[in-house]
Amino acid sequence: MQQPIGIFDSGVGGTSIWKEIQKLLPTENTIYLADSKNAPYGAKSKEEILDLSIKNTEFLLQKKCKLIVVACNTATTNAIDYLRATYKVPFIGIEPAIKPAALHTKTKKVGILATKGTLSSSLFHSTSKIFAEGITVLEQEGTGLVELIEAGEVYSKTTTELLKKYMDPMLEEDIDCLVLGCTHYPYLIPILKGLLPQKVTIIDSGEAVARQTNTILIKNQLSSKIGNNTKHIFLSNSNVKVLKNLVDGANVEVFHLDF
Ligand code: DGL
């Protein structure tokens, strides 16, 4: 089916998920919605996150998207149950990869860096409870990081200092896995690698989300078979420059749109 896959995030972070989807599913068209004007979602109330997720979903449905990827941990953990119960299209969400981290850790101590909205959600707590039995999960809110990435300031001194401040207490507790619980954070991996000892494995859910998207497309007979002339449309309601820098390439078009 040639209809696009819709993807939304509070901003540019979900492009880390789009990259995995495009790699695995090169025959699919996509529309990506960056609600950067309202970023960060992580500091908002559950009701606000839900309202914004509904708005983004309805926008993508108007564009005839056949499946929607909620490429935002904060929106997934606060809104996906409602979205699935309300709209007919399949939804793919993203949650912090606590399960793989719990299986991988030798020190039985796992760090998670995520937004306040994700860490305080009941979905995150129930997942942690199921999968992290016997494991100490050290939670750290990544306050300020989304704003820096949205401003295109990944490689700034402020970003490195902030990350160091967040990592040091976890390292003192001897974590050997760090879960990235926000789709903006994969862009911080080069800096994190410079701050973390080699024994710390960085885990994110991007690839798993792409695989799950494929599974659900097949299950619902929604896969696109024709790979020629695929199109990837990116829409942002804020400055498009940062978004453009992250996704520039063939078949990619980036537009500013008021929504
Ligand atoms: N990319 C979003 C996430 O995965 C960032 C949330 C925010 O805007 O605070 O949680």
Side-chain angles (χ1 to χ4, degrees), residues 6-21 32-57 60 68-83 91-98 101 111-125 127-128 139-154 159 162-163 166 178-189 192 202-210 212-213 234-239 242-243 246-247 259:
I7 303 169
F8 77 80
D9 180 36
S10 62
V12 300
T15 57
S16 63
I17 305 297
W18 171 79
K19 286 177 185 172
E20 297 293 345
I21 291 174
Y32 182 100
L33 192 60
D35 190 15
S36 294
K37 191 176 80 182
N38 291 304
Y41 281 12
K44 296 189 189 304
S45 68
K46 186 177 169 65
E47 289 69 34
E48 285 172 302
I49 297 166
L50 183 59
D51 284 349
L52 292 167
S53 301
I54 291 169
K55 191 171 133 231
N56 296 338
T57 297
L60 291 170
I68 293 180
V69 179
V70 183
C72 174
N73 292 261
T74 313
T76 299
T77 49
N78 286 280
I80 202 151
D81 290 345
Y82 177 87
L83 299 177
F91 285 87
I92 310 292
I94 179 160
E95 282 181 69
I98 291 290
I112 167 156
L113 187 63
T115 69
K116 186 176 173 208
T118 294
L119 293 174
S120 61
S121 68
S122 51
L123 188 56
F124 171 72
H125 281 287
T127 310
S128 289
E139 299 177 13
Q140 176 63 57
E141 289 175 14
T143 311
L145 293 171
V146 166
E147 290 89 328
L148 286 161
I149 297 163
E150 286 292 315
E153 288 177 29
V154 170
T159 307
L162 205 50
L163 277 175
Y166 295 155
L178 175 70
V179 176
L180 301 184
C182 169
T183 56
H184 282 71
Y185 299 167
Y187 289 112
L188 302 172
I189 289 174
L192 283 167
I202 300 171
I203 301 179
D204 77 85
S205 320
E207 252 184 78
V209 170
Q212 179 66 359
T213 304
F234 289 82
L235 303 167
S236 167
N237 53 11
S238 184
N239 187 342
V242 177
L243 184 57
L246 294 174
V247 296
F259 60 88

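Start at 1 and go down the list; that is how both ligands and their atoms are numbered. Quick caveat: nothing in here was measured; it's all calculated off a predicted structure.
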Worksheet item: Any luck finding a side-chain donor-acceptor pair between T76 and E95 under 3.5 Å?
Response: no
Worksheet item: Are a donor atom and an acceptor atom from the side chains of Y41 and S53 found within less than 3.5 Å of each other?
Response: no
Worksheet item: Does L192 reach the side chain of L180, with side-chain heavy atoms less than 4.5 Å apart?
Response: yes
Practice prompt. Just jot down the ring pair (Phe, Tyr, Trp, His ring centres under 6.0 Å) partners of F124, sequence neighbours excluded, or say none.
Written response: none
Worksheet item: Got the residues with a heavy atom under 4.0 Å of ligand 1, by chain and number?
Response: D9, S10, P40, Y41, G42, C72, N73, T74, T115, V146, C182, T183, H184
Worksheet entry | Exam field: side chain T183 to backbone A71, donor-acceptor pair closer than 3.5 Å | yes
Worksheet item: Is the number of heavy atoms from other residues, nucleotides or ligands within 6.0 Å of NZ (K19) greater than 12?
Response: yes
